Amino acid sequence: MVMEQFSTERLTRLSGMLKRRGIILPAFEIHGGSAGLYDFGPVGGRLRSKVIGAWLNHWLSLGNIVEISCPTVTPYSVLEASGHVGEFSDFLTECSGCGEASRADHLIEDDYPNSDSMTRDQLSKIIDEKNPTCPSCGKSDWGEIKAQNLMFNTTIGAGKSGRQGFLRPETAQGMFTSFPAIYRHFRERLPFGAVQTGKGYRNEISPRQGMIRLREFNMAELEYFIDPEDEIKHDFSSWKNSVMLIADGRGELEMTLGKAVSEGVIRHPTVGYFMGWTMDFLLSIGINPKWMRFRQHETDEMAHYAQDCWDVELFGSYGWVECVGIAHRGCYDLSAHEKSTGQRLRAWRTYSEPKIEEVDRWTTDGSIAGPAFRELAGKVKQAVELLDKDTSFPVNLSVEGREIQVLSEHVKRLQRTENVAGEWYIPHVVEPAFGIDRIIWHLIDHSFMETEKSGENYNILGFKPTVSPVDVAVLPLFEKDGMKELAENIHRNLCSRKDIFSIYDGSGSIGRRYARADEIGVPWCITVDHESLVDGMVTIRERDTGNQKRIKYEDIDF
RNA sequence: GCGGAUAUGGUGAAGUGGCUAUCACCUGAGGUUUCCAACCUCAUGUCGUGGGUUCGACUCCCGCUAUCCGCACCA
């Protein structure tokens, strides 16, 4: 697939334009800059917030979604429970022959398929024994194994009382640790979801490719909690067009989302449904559908807990780039936090009919067994409850290494019929996770049009009004005879309106000002001329067509 | 992290071991101009950073930082 419009020369011109116009710039440049960190400038800042706002509105419109916001500073144990401490640490070792660093687990993964979950000592021992050859020079002489953690370390608090923490590598964990509050909010009824937008941090070894790999980045994630036993039906009828799917083991397929779900290409209907919602969002902000496709993770590439995972890849100056991941994560996250904290992170499922359970077993009689066994009473109770219902007392038990004789007066038999109305279960979660910076990049990349006007290069960012950082530019034809004052009034008036941001520009010829506005994607320009002073009419020019019409400025409406 | 290349106003480029560092665009002021980067005058603003060599370094050398391209890594 040749996409000649995305040339490196175009990328160079685009980057220069983004800097010049204050859209995206390297951060801290006066101090020499810092790799992997970017600023959204005076124009880019609102572009970012409008994209995030559109994203929030899109998902909140599902009706059973809430927005939360959790800290970026996160205690060690949270990310240990989630698996990030293990997963985000790479163990590197250096070849003494060529100096190339390799991942220790990759060197031995042919013989040890689970090498990525090994400790440093295990890896070290195996590498000493096996002495694998260096993939770049073929020697076999390895240095010490060092941990390279991709999370930013920090200390919460000072001195001895300081507690180890990280800057979060994703926002998702906040939704899991807040699960009890969200569950209560929704009156304990699934399905529901929580979204969060905010910064994430990964200390990338070598960030490259501009906005594509950052050390601090904007994320937007939805965690949607479902009952795995619910028969889930979604309406796919609104997605009539075929989409490009690269399915695991089946290659490229063009089909509708509904068909892909019913044929099992997409393995879970909610994943398919969110793929549709994701596509709707991307198209609504101005991503070109030609340059969008879905790619399914291969089974061995997927995290072990995930049941199905699809990426949305967008095409632009850096080729196909993964911008959204839609993953069915099963119950992995909630159970991991439950195991780590002992807190219940479950939902209650009422049976359609109560189950009747016959209870017939032994337990201790607390008032007698308690004084008799003292500190061992609890353990004795546990042991007794495991005994067969036909046990006859006295009986000798071994508790905490001690021989205990349990007499018949210590115990009582429980015999009753219980009605069990339902059960606690760990909800499953489907997670659409968006890399906002990557999406904004492709939005810019897809919107950037280079044309010519009377022999000169002419740039337009064709932003849709939903994301355009500036909604309207107010231009006096000349800054004299009262046109300046009238234009400034209109400008201030527009700015004071909800969700409207206007710029005033009075410098240079009118054509130059239209060109400047086009370059930052302003959809409308309002021009004040001599007649405006008399009849109160102004000219509205539409960026994409160049059409102009005159209206009363009181009637300006977007 | 490794190897290679690069770093000059806001942007894009030229250039030099020594005099006030050049050009275009941009930006600002004034003039002109009745709607798509017009014109005239004037103005603001630069040699990435630290060290070394030298009488003198933007220029040569070294370190650092950043950018780009490969590799590796990552998604």
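Quick note on labels: first sequence line is chain A, next is B, and so on, each numbered from 1. As the structure is a computational prediction, the values presented were derived from the model and not from experiment. Every heavy atom of this structure was used, including side-chain atoms; hydrogens, water molecules and symmetry mates were not.
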Name the nucleic acid region contacted by [X], choosing base, sugar-phosphate or nothing; use a 4.0 angstrom heavy-atom cut-off, strictly under.
| X | value |
| --- | --- |
| A:G546 | base |
| A:Q548 | base |
| A:T12 | nothing |

Starting at [atom1] of [X] and ending at [atom2] of [N], how long is that distance when rounded to a whole Å?
| X | N | atom1 | atom2 | result |
| --- | --- | --- | --- | --- |
| A:E9 | B:rC69 | CD | P | 12 Å |
| A:E204 | B:rG1 | CD | P | 13 Å |
| A:E479 | B:rU32 | CD | P | 14 Å |
| A:I510 | B:rC39 | CD1 | P | 17 Å |
| A:K19 | B:rG48 | NZ | C1' | 11 Å |
| A:K480 | B:rU32 | NZ | P | 6 Å |
| A:R13 | B:rA24 | CZ | C1' | 17 Å |
| A:Y514 | B:rC35 | OH | C1' | 5 Å |

Q) Out of B:rA37, B:rU11, B:rU34, which nucleotide sits closest to the side chain of A:R20? A) B:rU11

If the [atom1] atom of [N] is compared with that of [M], how far apart are they to the nearest Å?
| N | M | atom1 | answer |
| --- | --- | --- | --- |
| B:rA24 | B:rG56 | P | 35 Å |
| B:rC19 | B:rG3 | P | 37 Å |
| B:rA57 | B:rG17 | P | 14 Å |
| B:rU59 | B:rU46 | C1' | 15 Å |
| B:rC25 | B:rA66 | P | 35 Å |
| B:rU22 | B:rU16 | C1' | 11 Å |
| B:rC40 | B:rG45 | C1' | 22 Å |
| B:rU44 | B:rG28 | P | 16 Å |

Sequence neighbours left out, what passes ring-ring contact (aromatic ring centres under 6.0 Å, His included) with [X]? Give chain and number order.
| X | answer |
| --- | --- |
| A:H337 | none |
| A:Y224 | A:F274 |
| A:Y458 | none |
| A:F448 | none |

Q.
Please confirm whether the shortest side-chain N or O distance from A:R512 to OP1 or OP2 of B:rA38 is below 4.0 Å.
A.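 Indeed, a polar side-chain atom of A:R512 lies that close.
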
Q: Would you tell me if any nitrogen or oxygen in the side chain of A:S509 comes within less than 4.0 Å of OP1 or OP2 on B:rU33?
A: no

Under 3.5 Å donor-acceptor pairs involving side-chain atoms of residues 435-442 of chain A, not counting sequence neighbours:
| unit_1 | atom_1 | unit_2 | atom_2 | d |
| --- | --- | --- | --- | --- |
| A:D437 | OD1 | A:N218 | ND2 | 2.9 |
| A:D437 | OD2 | A:N218 | N | 2.5 |
| A:R438 | NE | A:I212 | O | 2.7 |
| A:R438 | NH1 | A:E322 | O | 2.7 |
| A:R438 | NH2 | A:I212 | O | 3.0 |
| A:W441 | NE1 | A:D445 | OD2 | 3.3 |
| A:H442 | ND1 | A:R438 | O | 2.7 |

Q) Could you write out RNA chain B as a dot-bracket string, with dots for unpaired bases, | for bases paired across to another strand, and Watson-Crick or G-U pairs counted at under 3.5 Å? A) (((((((..((((....[...)))).(((((.......)))))....(((((..]....))))))))))))....

Q.
Generate the contact string for nucleotides 62-68 of chain B. Rules: B means base contact, S means sugar-phosphate contact only, - means no protein heavy atom under 4.0 Å.
A. ---SSSS

Taking [X] for its side chain and [Y] for its backbone only, find out whether a donor-acceptor pair lies under 3.5 Å.
| X | Y | value |
| --- | --- | --- |
| A:Q548 | A:T539 | no |
| A:H446 | A:F315 | yes |
| A:R293 | A:L314 | no |

Ignoring hydrogens and angles, write down the donor-acceptor pairs under 3.5 Å from the side chains of residues 24-36 of chain A, residues two or more places apart or on other chains.
| unit_1 | atom_1 | unit_2 | atom_2 | d |
| --- | --- | --- | --- | --- |
| A:E29 | OE2 | A:K19 | NZ | 3.2 |

Q: Please work out which residues in residues 525-542 of chain A have a non-hydrogen atom less than 4.0 Å from an atom of RNA chain B and list them by number.
A: A:T527, A:D529, A:H530, A:T539, A:R541

Q: Just jot down the side chain to side chain donor-acceptor pair (under 3.5 Å) partners of A:K453, sequence neighbours excluded, or say none.
A: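 Result, side chain to side chain donor-acceptor pair (under 3.5 Å) vs A:K453: none returned.
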
(Q) Need to verify one output field. Residue with the more 5' nearest nucleotide on RNA chain B, A:N459 or A:R202? (A) A:N459

**Q.** Nearest-nucleotide 5' precedence on RNA chain B, A:I30 against A:G511
**A.** A:G511

Would you list the atom pairs, donor with acceptor, under 3.5 Å between side chains in residues 483-494 of chain A and any protein atom, with sequence neighbours excluded?
| unit_1 | atom_1 | unit_2 | atom_2 | d |
| --- | --- | --- | --- | --- |
| A:N489 | OD1 | A:R492 | NH2 | 3.2 |
| A:H491 | ND1 | A:S502 | OG | 2.7 |

Q) If you look only at pairs with a residue in residues 201-223 of chain A, which of them pass as a ring pair (Phe, Tyr, Trp, His ring centres under 6.0 Å), with sequence neighbours excluded? A)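 Found none.
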
Q. Only one of A:D518, A:T527, A:N547 forms a side-chain hydrogen bond (donor to acceptor under 3.5 Å, both in side chains) with A:R541, so which one is it?
A. A:D518

